[in-house]
Amino acid sequence: MSVYRAPLRDMQFVLRELAGVDEIAKLPGYEDTTDVLDAILDEASTFATEVLDPINQSGDKEGCTWNDGVVTTPKGFKEAYKSFAQAGWIGLPVATEYGGQGLPSLMLGPTLEMWNGANVGFANGPLLNQGAIEAFGSDAQKQTYITKLVSGEWTGTMCLTEPQAGSDLAQVRAQATPEGDHYRIRGQKIFITFGEHDMAPNIIHLVLARLPGAPEGTKGISMFIVPKVLVNADGSLGERNDVKCAGIEHKLGINANPTCTLNYGEAGTGAIGYLVGEANRGLEYMFVMMNAARFSVGVQGMAIADRAYQHAVEYAKERIQFRDVAARDPKPVAIIKHPDVRRMLMWCKANLEAMRALAYVTAASLDYAHKSPDEAVRKEHQAFVELMIPIVKGWLTERSVDVASTALQVFGGMGYIEETGIAQQYRDVRITTIYEGTTGIQALDLVGRKLIRDLGAGATKVLKQIGRFAKELEASDNAEVKALAQPLADATKALGETAQWIGMNAMGDVRKSMANSVPFLNFFGVVAGGWQLFRGAQVAAQKIAAGDSDPFYAAKIQTATFYAHNVLSQAAWLQKQIVEGSGDVLAGDDGIFEVERRALVSA
């Protein structure tokens, strides 16, 4: 059984050398961030390893239990949550006026990674819904709810999905009927993460519902605050609201996380809710939370995959099998000596470091978009964030499933035995490609909104930036780093040509342009991840040239070289798949998927 260890060295390298935390510390409100950076990372690492990791496997085995609307979390979770809240981890990026610590969004990268790497079942619990209330709620709503959510005294949820409305929120049917200064909410929501639990006395649900006479589709959706327990005027808890957990799902993974079905108005009176902002703008408000959640799930996938990789490395060092094919000694060796095992571990390592770099750099842009005093800088970084969010969510989670699967393969026959723990990591990470919008939803966002709708302006700008960086690599004095220039330039050119092909086809056949949108998203992720990984190699070469002999820097260059030859080389194949294969996706009619059921005719 492995113990989670936060990859602090790489986290610190990415934060400082690629994401530019020292520059972010100069933004208004973020002064002195770097003074506490190392302390935060050290404390978070300790909490993840000593508090969350010990209840990870036991939480998965025990799971949550439901009994007549009451949900009990696994042993140790209530105590861990209390410690988590008291330590102030929930309010890390929240404004100090609400009891938070006012730190940059960038700090969410490593801390989210640690919580999810150590215990993904727990990590889903402290997600907040205070962002939408802070941005769109009334002053009274902010005063009533935000401080309690930030302190962890209460928890929050997002309630979007209904049985007939998965990702298609235009089909939301929950109803909100006006009644005095509040509304009566009736309907059912499903797949609600921590929609009911025993870790806090109150849960503040943000619910999407329709007002009487609201327009059809997404334009007629409003957002409501619906507390599990009603809040009195003095802030104390009052009567139980008419919202009840009808059951919890039995899932592939994240078993310690209760995924709930919630009935609003089951008792007949209707749950009391309060309108957030203006009527019929609920989906717009919810996207503030959804984009933050999508970034978080991308990091979550990477974190679970990193844990799986760590586990595989430990096993490969300890498992003795076969002799070294290049050695004359007949004694068996640790499997980490075998070329194929090294290939698998290097593939995991290279992808993880590329994913981490891309995620943290995206978080840094979010800080510039919010805090830069220069409007042009804010707009530039906001455009980058909007382009990258579907890639961070989609590519990171898809690649994380592959990494976890590869890590499991290192274990051989022990990989699918639950006692080893690696199977849990594979089960847990598989879900990340699905919730908060499937990879297909992310790809439609990337291609439909970010590529076709704005005529590729945002994507073109990023591709030009990557192209300029490839020319920088070409000028490097380090031969290994210089060798990275051509693979990156070739992949970027192929991606640009593919994006142009999609844009041109969209004018005549939108379905064809969308047919391979997921491969395009992964293509963009492979190139963008390589860009950031190669930036790290460039920095490492500069450190080495300055006389730093730390093997960490040599490993950075070796890892980037592996990525160039074994990952970035996918570019040509992905281009061919998208450009030549998109029409094949649409060939024939639906009958092509029918199963042949004719009985065999005897001779």
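Since the structure is predicted, the reported quantities are computational estimates derived from the model, not experimental observations.
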Kindly confirm or rule out a cation-pi arrangement of R378 over Y368, judged by NZ or CZ under 6.0 Å from the six-membered ring centre and within 45° of its axis? no
Under 3.5 Å, is there a donor-acceptor pair between the Q542 and Q538 side chains? no
Using the ring centroid of each side chain, check whether F534 and F469 are separated by less than 6.0 Å. no
Do the two ring centres, one from F384 and one from H381, sit under 6.0 Å apart? no
F136 vs Y285 aromatic rings, parallel, tilted or perpendicular, using cut-offs 30° and 60°? parallel
Cationic N near anionic O, under 4.0 Å, E284 to R281: yes
List, one per line, each side-chain donor-acceptor pair under 3.5 Å for residues 21-28, sequence neighbours excluded.
from	atom 1	to	atom 2	distance (Å)
E23	OE2	K26	NZ	3.1

Does a donor on one side chain and an acceptor on the other come within less than 3.5 Å for S236 and N232? yes
Indicate yes or no: does R307 engage D428 in a salt bridge with an N to O separation below 4.0 Å. no
Is the gap between the ring centers of Y183 and F224 under 6.0 Å? yes
Check the side chains of Y360 and E113 for a donor-acceptor pair under 3.5 angstrom, ignoring hydrogens and angles. yes
Give a yes/no verdict on a cation-pi contact between K189 and Y264, requiring under 6.0 Å between NZ or CZ and the six-membered ring centre and an angle within 45° of the axis. no
Do the two ring centres, one from F523 and one from W395, sit under 6.0 Å apart? no
Reported CG-to-CE distance for the pair L206 and M223, which is rounded to 0.5 angstrom: 5.0 Å
